[in-house]
Structures are given as structure tokens and as C-alpha cells.
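First the structure, in the form of C-alpha cells, and then the observations on it.
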Number of protein chains: 2
Amino acid sequence: MDGKETLDKARERIIETIAQNIHLYGLTPSAGRQYGTMFFHNEPLTLDDMTEELGMSKTSMSTSVRALSDLKLVERAWKRGIRKDLYQVKDDWYQSFIDLFSIKWRRSISLHSVAIRKSLTELQVLRNDPGVSDELKETVEIDIAKLEYIRDYYEWLDRLVDAFEDHDIFDLVPRKDELTK
Amino acid sequence: MDGKETLDKARERIIETIAQNIHLYGLTPSAGRQYGTMFFHNEPLTLDDMTEELGMSKTSMSTSVRALSDLKLVERAWKRGIRKDLYQVKDDWYQSFIDLFSIKWRRSISLHSVAIRKSLTELQVLRNDPGVSDELKETVEIDIAKLEYIRDYYEWLDRLVDAFEDHDIFDLVPRKDELTK
DNA sequence: AACTTTGTACAGTTTTTTCCGTACAAACAA
DNA sequence: TTGTTTGTACGGAAAAAACTGTACAAAGTT
């Protein structure tokens with residue numbers, strides 16, 4: 001086996017591992033392979049380059065590179081004289097993790113908060129309604145307690161995301177290069 | 001609108017929100033609805049109960065309750081005199097979040113670590129191989145640097161998961177009830 | 001202006017996933 | 001033992017998602 005071949009195999013192993021785990025980012029293995037290919041490519045790539053490299057349609061490349069961009073795993077690059085759009089992976093994986101975490105959870109937190117607030121208000125009205133049977137009121141009380149619990153939970157989650165975005169998390173779990181500082 | 005109806009609507013809103021966000025846990029909306037139903041049900045449920053509540057087949061209930069159990073969102077319960085398996089939601093959402101985080105990422109970290117170690121070793125051999133051209137060696141050097149970077153990243157991620165599992169995260173981001181302590 | 005290049009919207013096809021019904025094994029009951 | 005109940009494996013149907021090719025709009029070139 002010659003050197004180039006060994007290198008390619010070493011790269012392929014990593015790319016395939018990324019592809020198999022990218023579902024954690026809500027992406028398909030194809031998008032993972034695309035990301036991996038870009039990761040080892042030392043120059044920004046065009047959609048046509050990706051089509052070439054991965055043997056897939058340009059349409060697919062376009063949609064999945066958009067998905068990768070939405071999660072801030074990939075960014076556009078410019079190079080003078082080149083008209084085509086160029087893309088490259090963002091090289092700060094710590095920041096990418098934080099961005100992922102933020103994008104994924106903030107939306108969920110927000111949707112839940114709205115729903116919880118609405119339902120909680122309705123139930124509080126119900127609690128004070130004299131026309132409601134005692135038996136039902138008991139259930140309402142239990143539900144209110146449950147909703148207050150998950151409201152607090154999402155409030156905690158929100159602060160957790162803050163801690164990541166503000167990089168406070170690195171105080172608790174330092175990056176390796178910061179350990180020796 | 002009577003009280004029962006208001007209660008059900010308030011519950012339904014939350015259940016539907018859970019269903020729409022459960023993909024963050026890698027589960028289907030159906031499993032989310034199942035979880036939500038169990039959440040508001042104040043007694044443990046059997047598979048037949050769920051079939052009844054959700055209008056889905058018992059087979060589906062069985063498979064998705066297993067998925068929920070695997071992520072430790074749901075646990076088995078016992079009640080004397082009842083032969084059927086009973087399930088209820090785990091009521092500590094903070095712990096559920098930690099469990100999810102741990103289960104999802106540990107596996108990914110482990111798979112990546114193995115692949116990175118293997119590829120890194122191969123490339124280090126290549127670096128010392130006198131039969132490899134200087135041009136290729138330059139590429140190898142770059143790849144080694146990249147792999148060392150992501151190796152460190154996964155090592156950080158591993159410590160991050162530790163911080164969650166050990167509950168150190170609550171030092172950085174306290175639960176609401178701990179804020180007043 | 002006309003012509004070329006590039007990215008993506010859209011519709012159709014293929015692949016994958018979800019869900020159901022049947023069948024059966026394990027546990028329990030009589 | 002035989003009969004009953006309960007959970008799940010498995011194959012197939014239905015639904016959803018991924019992927020492709022065509023068509024076209026936007027931007028650049030001549």
C-alpha cells in the first residue's frame with residue numbers, strides 16, 4: 001500500500017465516523033460525509049467540487065450545505081477570481097458545539113415556554129372558578145404543580161444555554177490548552 | 001366550555017409541544033405524544049392503556065415505550081395485583097436531560113476516539129516513512145494536526161459529559177430551588 | 001442587449017422509516 | 001398438563017424523507 005492510499009484510508013475512517021454520528025446534529029449521513037470531505041480538504045470547495053467528490057447531485061449538495069450552514073458547521077468563503085460560492089468548515093469545533101446546542105435548544109425552550117405559560121394561565125383561571133367540581137380541582141392542582149415544575153426546568157435550561165453561549169462553561173470544563181495556563 | 005374540556009385542552013397543548021420537540025431526543029412525535037400522555041396520567045400505564053389513549057397498535061406502543069426507556073425518560077413501575085407491565089415517566093427532568101446528554105454523546109465520543117487514535121497512528125507511521133514524498137508528507141502533517149485538534153476536542157467533550165453526570169453543572173448553573181439557598 | 005454561469009425551487013422517484021396485524025414465546029392460571 | 005394472558009419478533013403496508021433531474025431566476029460576461 002502506498003502513502004496516498006494510507007492517507008486516504010485514514011481520512012475515510014474519520015469521515016465515516018462523522019457520518020455515523022452526525023444524526024446528533026439532526027443531519028443525514030450524507031451531510032456528514034460532505035462535512036468530513038470539506039474538513040480534510042484544505043481549500044474551500046464549490047458545490048461542483050462536492051458533486052465531484054461525493055458523486056451526488058448538485059441539488060443535494062446545495063440543500064445539505066445549507067443545512068450545514070444553518071447549524072453553523074460550515075461557512076462561506078471568498079476567493080478572488082472565483083464566481084462560484086465557496087464553502088469551508090468552521091474550524092472552531094468548540095464553538096460549533098455551542099452553536100448547535102444553542103440553536104437546537106433555544107427553539108425548543110421558547111416553544112415550551114409559550115405553551116406552558118398559556119396552559120398555566122388557563123388552569124389558574126380554572127382553579128378559581130366556583131363552577132368547577134372539587135374532584136376536578138384536585139386534578140387541576142396537580143397539573144399546575146407539574147407545569148410549574150417544567151417551567152422551572154426550562155428556565156434552568158435557558159440559563160444553561162446562556163452558560164454555553166457566554167463561554168462560562170469553559171470555567172467549569174476548561175479546554176485542554178487552558179489547563180496548563 | 002366546561003372545566004374538563006379546558007383541562008384537556010391545556011394538557012393537549014403541552015403534549016403537542018413535547019411531540020414537536022422530542023426529535024431532539026431522536027424520537028418520533030408519536031413517542032413524544034406517548035410520553036406526554038404518561039406525564040399527565042397520574043397513575044402508571046399499561047401498554048393496553050396506551051393503545052386505548054393514543055389509538056395506536058400495541059406493537060407500536062411496545063416499541064416506542066422501549067425507546068423511551070432506553071433514554072431513561074420512562075421507567076417500569078410495579079403495583080401489586082397487576083400482571084401487566086406498568087410504565088411511568090421519570091419525574092426528574094434535570095436528570096433525564098443529563099441521561100440523554102450522556103447516552104447520546106458518550107457513544108459518539110467513544111466511536112470518534114477509536115477512529116482518531118487509529119488514523120493518527122497510521123499517519124504517524126507515514127510521517128516517519130522514508131519512502132514517502134515530501135509533498136505528501138506535508139499533507140500528512142496537516143492531517144495529523146487536525147486529528148490532534150479533534151482528539152483534544154473529544155477529550156473536552158468527555159470531560160463535559162463527566163461534569164453533567166457528576167452534577168457539577170449545577171454549580172455553574174444552579175437549579176432554581178438552589179438559587180435561594 | 002444577448003449569452004453564460006450558478007444556485008435552488010419543484011415534482012417525481014427511490015429509499016428509509018413508521019406503523020400495523022399476525023404469529024408466537026414466555027409467564028402465569030387452573 | 002392444558003388454557004389464557006401478555007409482550008415482542010417479524011413481514012408487509014403506509015407514510016415520510018432523501019435524492020435526482022428539469023426548469024428557471026438571479027447574477028455575471030461580452
Q.
Counting only heavy atoms and a strict 4.0 angstrom limit, can you tell me which residues of residues 23-59 of chain B come near DNA chain C?
A.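 The answer is B/T28, B/S30, B/M56, B/S57, B/T59.
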Q: Give me the residues of residues 63-86 of chain B where at least one heavy atom lies under 4.0 Å from an atom of DNA chain C, by number, or none.
A: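 Those residues whose heavy atoms fall under 4.0 Å from DNA chain C, taken from residues 63-86 of chain B in numerical order, are B/R83.
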Q) Under 4.5 Å between any side-chain heavy atoms of B/S57 and B/S60, yes or no? A)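 Yes, close enough: below the 4.5 Å cut-off.
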Q.
Would you say that B/L136 contacts A/K4 through its side chain, given a criterion of any heavy-atom pair below 4.5 Å between the two side chains?
A.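 Heavy-atom side-chain distance check passes, below 4.5 Å.
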Q) Looking at A/E16 and A/K9, does any basic side-chain N land under 4.0 Å from a carboxylate oxygen? A)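 No, A/E16 and A/K9 are not salt-bridged.
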Q | Salt-bridge present (A/D70, A/R66; N to O < 4.0 Å) | A |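 No salt bridge links A/D70 with A/R66.
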Q: Measure centre to centre between the rings of A/F97 and B/W105, then say whether the value is under 6.0 Å.
A: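 Yes - the distance between ring centres of A/F97 and B/W105 falls below the 6.0 Å cut-off.
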Q. Which residue pairs satisfy the ring-ring contact (aromatic ring centres under 6.0 Å, His included) criterion with at least one member in residues 112-133 of chain B, sequence neighbours excluded?
A.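 Of all non-adjacent pairs touching residues 112-133 of chain B, those that pass ring-ring contact (aromatic ring centres under 6.0 Å, His included) are B/H112-B/Y154.
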Q.
Just checking A/E141: does its CD atom have more than 12 heavy atoms from other residues, nucleotides or ligands closer to it than 6.0 angstrom?
A.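 Counting other residues, nucleotides and ligands, CD of A/E141 exceeds 12 neighbours.
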